[in-house]
Student: 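This is the structure I want to talk about, given as structure tokens.
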Amino acid sequence: MLAAVGPAMPRGSGWTFEPKYDGIRVLAVASGRDVLLLSRNGNDKSAQFPEIADAVRALAIRRARPLVIDGEIVGLRQGRLGRFQDLQGRIHRRATTHDGHPDEDTTPATLVAFDLLTDDDVVLVHEPWTTRRRHLEALIRTDEQVPALRLGETSADGTAMLAAARRQQWEGVIAKRTDAAYEMGQRSHAWLKLKVEHEQEFVVGGYTDPRRGRPFFGALLLGHYVGTDLVYAGSCGGGFTDDELRAVFHRLRAIPRQHAPFAGAPPRTRERAHWVTPQLVVQVRFNEWTADGKLRQPIYLGLRDDVDPRQVHRETESIQPTVAAPGAPSLPSGATGPPVTRRAPRTESRPAAARPSDRGASDRGASDRGASDRSASNRSDARTPRGVRRPISPRGDGPRLMCGKPGRVSRAVVSGAVDQLDWIEHEGGGEGMLALGAGCTLAVSRLGKVFFPAVPGGRPLTKGDLFRYYASIAPYLLPTIADRPLVLRRFPNGITRPAFYQQRVPGPAPRGVRIERVAAGKGPESTAEPRLIGGDLVTLLYIVQLGAVSVDPWHARVGSLDTPDYTIIDLDPGPRATFRRVIDVARWVKEELDSRGLVAALKTSGATGLHVVLPLVSGTPEDAARLVAEIVATAVAERHPRDATVTRSVRARGAATVYVDYLQNIRGKTVAGVYSARARPGATVSTPLDWAELRDDLDPAAFTIETVPERVQRLGDLWAPAMRHRNDLATLVDSTSAGHGHPSGHAHSPRRSA
DNA sequence: GCCGAAG
DNA sequence: CTTCGGCAACGCAAG
DNA sequence: CTTGCG
């Protein structure tokens with residue numbers, strides 16, 4: 001269970017507050033004489049902290065029961081809880097001494113226990129915090145405390161605790177809902193991080209070259225004045241938008257300098273450094289000063305053209321963005337000067353320095369994660385079935401209203417729906433109730449709204465036009481999305497207006513719309529979110545009513561969510577690449593597939609590219625699906641480096657190359673499905689093609705919601721037959737490792753982590 | 001850990 | 001929504 | 001030397 005970033009001190013009762021310990025988060029698992037101290041990545045730290053393992057073992061033996069304790073390993077300084085820096089020396093060390101116990105040089109450490117997941121055979125995970133805490137306090141009695149294991153502090157007074165955090169330089173405070181269950185391996189809003197943050201101005205003394213894929217520069221080299229010396233304070237590369245990188249770079253390029261402006265030896269950087277005359281001042285938010293005077297977790301906030309660089313000193317009491325305590329409005333940290341110049345955030349116009357604490361809170365909580373956040377439990381759950389599902393009935397516990405079999409729809413219903421939509425749009429004021437047979441109805445509205453502005457030689461297309469397209473193509477589309485969770489990208493006001501993604505089902509859905517709880521990631525059942533499941537006409541038309549333009553199905557179906565039944569190679573041309581080049585790359589992909597005995601179906605993406613889809617035999621693991629796409633994509637890119645690339649970052653790809661994207665085969669990512677309309681001018685459609693249609697004059701823009709129904713009438717459904725031949729990857733993976741070898745080898749390299 | 005880019 | 005990748009920092013270990 | 005970890 002991980003804490004979300006809290007925008008402010010939560011109000012009302014039902015919360016308890018604990019210090020945010022600055023150490024290593026572990027789950028201590030003790031059973032019999034066996035003890036594991038599992039870090040977030042699932043690594044056992046008991047070799048590094050034997051005294052803690054011993055203390056946990058002793059406790060489990062004394063109480064004669066298995067235990068799972070959640071806590072933080074914290075370094076001790078003069079008997080008081082220290083900082084992460086105090087632990088750094090022993091995080092990785094195999095054994096601290098010959099007898100397996102820490103010697104005098106190693107900093108002592110303790111496990112601060114703050115939660116109890118299981119107590120003997122009682123599973124406490126689903127109990128409220130209050131109950132878990134009661135068990136924990138009974139387990140770790142204060143009169144029996146040992147140095148290596150102690151009970152975490154908790155208090156009902158959040159304001160006082162935050163004040164203490166500020167005084168004692170903790171990282172912050174964690175607020176926990178007392179009625180909330182423990183959510184294994186998940187970031188949860190039942191736990192909120194209230195951080196003590198610092199910010200101040202710094203002088204820019206240089207910058208580093210960017211690494212791959214990054215525009216303009218990597219990081220700013222920062223300093224502050226001590227007397228006449230400019231003292232290096234570390235660098236800062238986070239917090240820039242691309243626009244800000246460009247703007248700052250242009251300022252820096254104008255003031256180059258031969259030698260480092262910093263006092264003493266020039267700072268050593270990983271990438272090459274460029275020096276500038278120290279006159280540019282920036283505002284930076286950061287977590288803390290490290291022992292050697294560098295910034296920890298620095299974030300760029302903006303330029304401070306109003307500040308004289310000579311006046312920039314290290315502030316002993318950096319003005320901190322305080323969280324809003326009840327009755328105490330947040331302190332404007334820009335009080336020392338005018339606001340920093342920075343682009344207006346998306347939502348509202350407000351200078352970053354004026355209200356820094358809200359940055360990254362309200363709209364960024366969900367993105368607060370990293371590889372190191374993947375908890376031990378996440379890892380260990382990776383092999384367990386994760387698609388636990390439970391049908392939800394819209395009301396009561398009665399059987400779900402079925403509007404036909406999934407993937408099927410009758411001709412009569414389709415033509416009836418098209419006629420009704422036509423009438424509602426043109427005679428009924430754009431709003432009305434669709435009857436879809438078998439007693440199923442669906443309210444639709446705003447059918448006259450223009451969703452697609454007119455393209456040359458065409459007319460504007462309305463929401464009603466989109467509705468009618470989907471109704472008429474439903475007999476071919478529905479089988480391809482049957483039983484698949486759908487990701488929505490909603491354009492409530494047409495494709496020229498802002499859109500947003502939605503995975504969880506929005507609010508109460510109309511009767512007949514299929515919703516099931518599907519685990520978002522790898523977590524246990526408790527993490528399952530209600531999602532829309534494709535297959536019937538009501539659900540399809542409902543997502544159109546919500547403003548979805550495309551239909552984006554998962555690659556796996558409920559019931560077998562771990563095993564996708566196809567894998568996709570997405571050919572995506574750069575801004576200056578012609579479609580002709582996409583066609584060439586598609587041909588090379590076809591050659592590559594042929595040479596490996598693989599069979600694939602072809603469709604336009606509906607946008608500017610092509611999709612090559614490989615059907616897979618049932619039971620193909622996710623990893624294998626992704627790997628085969630990667631192997632083929634990498635092989636093509638290596639054979640035709642001037643035309644094709646597998647570089648993910650948009651900026652690092654040549655503008656005239658075709659991106660061979662194998663990374664769409666990931667949970668949570670989707671690709672517009674076959675027969676899906678796209679949010680593109682002219683309402684283009686992802687259209688199945690025969691490989692023989694891959695001619696030089698192929699024009700993907702010709703396939704639109706106006707033309708595709710007629711094409712399908714004429715040629716029939718090309719997709720179902722093309723998807724019938726399924727590839728068995730077991731044979732391919734064998735031949736790859738034995739024969740050709742992996743093109744680059746990096747497919748097996750571990751992923752980067754934080 | 002932080003953030004922005006991207007689908 | 002979700003994932004990816006670039007950025008910080010630092011001492012240590014593994015390849 | 002680079003890379004991964006926390």
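Computation of the quantities below employed the complete heavy-atom set of this structure, encompassing side-chain atoms and omitting hydrogens, waters and symmetry-equivalent molecules. Labels below follow one simple rule: chain letters A, B, ... track the order of the sequence lines, proteins then strands, and each chain is numbered from 1.
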Student: Taking CG from A/L301 and C1' from C/dA8, how many angstroms apart are they, rounded to a whole number?
Tutor: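 In whole Å, C/dA8 C1' lies 15 Å from A/L301 CG.
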Student: Is the shortest side-chain N/O distance from A/N287 to OP1 or OP2 of B/dG1 below 4.0 Å?
Tutor: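 Result: no.
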Student: Taking the P atom in each of C/dG5 and D/dT3, what is the distance between them to the nearest angstrom?
Tutor: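 Between the two P atoms, the distance is 15 Å.
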Student: Could you give the CD-to-P distance, from A/E271 to D/dT2, as a whole number of Å?
Tutor: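 After rounding, the reported distance stands at 11 Å.
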Student: Report the distance from atom CD of A/E171 to atom C1' of B/dG1, rounded to the nearest whole Å.
Tutor: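 After rounding, the reported distance stands at 9 Å.
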Student: Counting only side-chain N and O atoms of A/K294, is one of them less than 4.0 Å from OP1 or OP2 of C/dC10?
Tutor: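 Result: yes.
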Student: Scan A/G23 against the nucleic acid and name what it touches under 4.0 Å (heavy atoms): base, sugar-phosphate only, or nothing.
Tutor: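 Here A/G23 touches no strand at all.
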Student: Counting the atoms with a prime plus P, OP1 and OP2 as sugar-phosphate, which does A/L87 contact under 4.0 Å by heavy atoms, base, sugar-phosphate, or nothing?
Tutor: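 Since no nucleic acid heavy atom lies under 4.0 Å of A/L87, the category is nothing.
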Student: In terms of side-chain heavy atoms of A/D572, which of B/dA5, C/dA8, B/dG7 is nearest?
Tutor: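 Side chain of A/D572 sits closest to B/dG7.
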Student: Under 5.5 Å centre to centre and under 30° between planes: does that hold for A/F240 and the six-membered base ring of B/dG4?
Tutor: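 No.
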Student: What is the base-pairing partner of C/dG6, counting Watson-Crick and G-U wobble geometry with both distances under 3.5 Å?
Tutor: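 Base-paired to B/dC2.
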Student: Measure from the side chain of A/Q297, starting at C-beta and using heavy atoms only, and say which of B/dC2, C/dT2, C/dC7 lies closest.
Tutor: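 It is B/dC2.
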Student: Are A/R40 and B/dG1 close enough that a side-chain N or O sits under 4.0 Å from OP1 or OP2?
Tutor: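 Looking at the OP1 and OP2 atoms of B/dG1, one of them is under 4.0 Å from a side-chain N or O of A/R40.
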Student: Between A/T241 and B/dG4, does any side-chain N or O lie under 4.0 Å from OP1 or OP2?
Tutor: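 Checking A/T241 against B/dG4: no side-chain N or O falls below 4.0 Å of OP1 or OP2.
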Student: What I want to check is whether the side chains of A/Q502 and A/R490 have a donor and an acceptor closer together than 3.5 Å.
Tutor: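 Yes, A/R490 and A/Q502 have a side-chain donor paired with an acceptor closer than 3.5 Å.
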Student: Does the pair A/F491 and A/F500 meet the rule for a ring-ring contact (aromatic ring centres under 6.0 Å, His included), with working shown?
Tutor: CA-CA 7 Å; A/F491 294 82; A/F500 58 95; 8.9 Å; no
Student: Would you say C/dA9 has OP1 or OP2 under 4.0 Å from some side-chain N or O of A/T290?
Tutor: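 A/T290 to C/dA9 OP1/OP2: no side-chain N or O under 4.0 Å.
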Student: I want to check one thing: is the phosphate of C/dC7, taken as OP1 and OP2, less than 4.0 Å away from some side-chain N or O of A/S235?
Tutor: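 The answer is no; no side-chain N or O of A/S235 sits under 4.0 Å from OP1 or OP2.
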Student: Please determine, for the side chain of A/S39, which listed nucleotide (B/dG7, C/dA8, D/dG6) has the closest atom?
Tutor: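 Given the options B/dG7, C/dA8, D/dG6, the side chain of A/S39 is closest to D/dG6.
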Student: Counting any heavy atom closer than 4.0 Å, what does A/F500 reach on the DNA or RNA strands: base, sugar-phosphate only, or nothing?
Tutor: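 Here A/F500 touches no strand at all.
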Student: With A/R314 as the cation and A/W289 as the aromatic partner, state whether NZ or CZ is under 6.0 Å from the six-membered ring centre and within 45° of the axis.
Tutor: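 Yes; both conditions hold, so A/R314 lies above the ring face of A/W289.
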Student: Could you state the CD1-C1' distance from A/I299 to B/dG1, rounded to the nearest angstrom?
Tutor: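 It works out to 9 Å between those atoms.
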Student: Counting the atoms with a prime plus P, OP1 and OP2 as sugar-phosphate, which does A/G238 contact under 4.0 Å by heavy atoms, base, sugar-phosphate, or nothing?
Tutor: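 Nothing, no heavy atom under 4.0 Å.
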Student: Does B/dG1 have its OP1 or OP2 closer than 4.0 Å to a side-chain nitrogen or oxygen of A/K193?
Tutor: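 For A/K193, the contact criterion (side-chain N or O under 4.0 Å from OP1 or OP2 of B/dG1) is met.
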Student: Could you walk me through whether A/F49 and A/L87 pass side chain to side chain contact (heavy atoms under 4.5 Å, CB included), step by step?
Tutor: CA-CA 10 Å; A/F49 300 97; A/L87 283 177; 3.8 Å; yes
Student: In whole angstrom, give the distance that lies between atom CZ of A/F49 and atom P of D/dG6.
Tutor: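 After rounding, the reported distance stands at 11 Å.
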Student: For A/R285 and B/dC3, is the shortest distance between a side-chain N/O and OP1 or OP2 below 4.0 Å?
Tutor: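 Affirmative; the distance criterion is met.
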Student: On DNA chain C, does the nearest nucleotide to A/P210 precede the nearest nucleotide to A/D292 from the 5' side, or the other way round? Give the residue.
Tutor: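 Going by which nucleotide is closer to the 5' end, it is A/P210.
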Student: Any idea which of C/dT2, C/dA8, B/dC3 is nearest the A/R531 side chain?
Tutor: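 Closest nucleotide among those given: C/dT2.
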Student: What about A/F216 and A/Y207, are their ring centers closer than 6.0 Å?
Tutor: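 Distance test on ring centres: not under 6.0 Å, no.
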Student: Between B/dG1 and D/dC5, how far apart are the two C1' atoms, rounded to whole Å?
Tutor: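 So the two C1' atoms sit 13 Å from each other.
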Student: A/K195 side chain N/O closer than 4.0 Å to the phosphate oxygens (OP1, OP2) of B/dG1?
Tutor: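 So the side chain of A/K195 is outside the cut-off, no N or O lying under 4.0 Å from OP1 or OP2 of B/dG1.
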Student: So, A/S686 side chain and A/T604 main chain: donor-acceptor pair closer than 3.5 Å or not?
Tutor: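 Yes, because the side chain of A/S686 sits within donor-acceptor range (under 3.5 Å) of the backbone of A/T604.
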Student: List the residues meeting ring pair (Phe, Tyr, Trp, His ring centres under 6.0 Å) with A/Y675, not counting sequence neighbours, and say none if there are none.
Tutor: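 Here no residue qualifies.
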Student: Any idea which of B/dA5, D/dC5, C/dA8 is nearest the A/D242 side chain?
Tutor: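 The answer is B/dA5, which lies nearest to the side chain.
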Student: Using the P atom as the reference point in each nucleotide, state the distance between D/dC1 and B/dA6 in Å, no decimals.
Tutor: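 Nearest-Å result for D/dC1 against B/dA6 at atom P: 35 Å.
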Student: Here's a test of your reading of the structure: between A/Y501 and A/R296, which maps to the more 5' nucleotide of DNA chain C?
Tutor: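 Per heavy-atom nearest nucleotide, the more 5' residue is A/Y501.
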Student: Please give, in whole Å, the distance from B/dG7 P to A/F491 CZ?
Tutor: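 So the two atoms are 12 Å apart, to the nearest Å.
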Student: Could you give the CZ-to-P distance, from A/R270 to C/dA9, as a whole number of Å?
Tutor: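 In whole Å, C/dA9 P lies 13 Å from A/R270 CZ.
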Student: In whole Å, I'd like the distance from the CD atom of A/Q85 to the P atom of D/dC5.
Tutor: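 Whole-Å distance recorded here is 22 Å.
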